[in-house]
Amino acid sequence: MWIREIFLGFLGICAGLTVAGGFVALITLLGVIPRLASETKTMKRAILYENFLILGVVLGNIVSLYSPRLPFGFPFLILFGLFAGVFVGCLAMALAETINTFPIFFRRLSMRKGAPFIVISLAIGKGIGSLVQLYFGR
């Protein structure tokens, strides 16, 4: 019976490493880190950003696997939500930019002006939708 549990544990670790590796590969392929580093003019620290990305993936796997209670309170939850939202927003925009979503969309609509307003309104709508979901249910 214990051989089965060892095998399942090993299989779970392998699956977690595969998913984490695929996520880091996606981030690398999209070029999120170099793009953010170049936009903030901190390209010298790009390796530090990549190390923190890997640390975040490892800690995220640990939290997902063991579900520890973190006694930091509501302010930490707000800070975590802010950082997670910024990360997801940057990831979504990098993916949209990589597959040229916005230029194709604007060309099909024959738009010459107003593109920044549409992108900003999409971001504001996403934020308001997240807040509505947070406060009014699932």
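Sequential numbering from 1 along the given sequence is applied to the chain's residues.
- Expressed to the nearest 0.5 Å, how far CG of Leu55 lies from CG of Leu48 amounts to 10.5 Å.
- Note that CE of Met43 and OH of Tyr49 are 10.0 Å apart. Values are rounded to the nearest 0.5 Å.
- In the displayed structure, Phe72 atom CZ is contacted under 6.0 Å by more than 12 heavy atoms of other residues, nucleotides or ligands.
- Once rounded to the nearest 0.5 Å, the distance linking CZ of Phe136 with CG of Leu131 reads 10.0 Å.
- Crowding of Leu59 atom CG: a count of heavy atoms from other residues, nucleotides or ligands under 6.0 Å exceeding 12.
- With values rounded to the nearest 0.5 angstrom, Ile124 atom CD1 is found 11.0 Å from Phe117 atom CZ.
- Residues Ile3 and Ile6 fall within the same hydrophobic cluster, defined by Ile, Leu, Val, Met, Phe, Trp and Tyr side chains chained together at heavy-atom separations under 4.5 Å.
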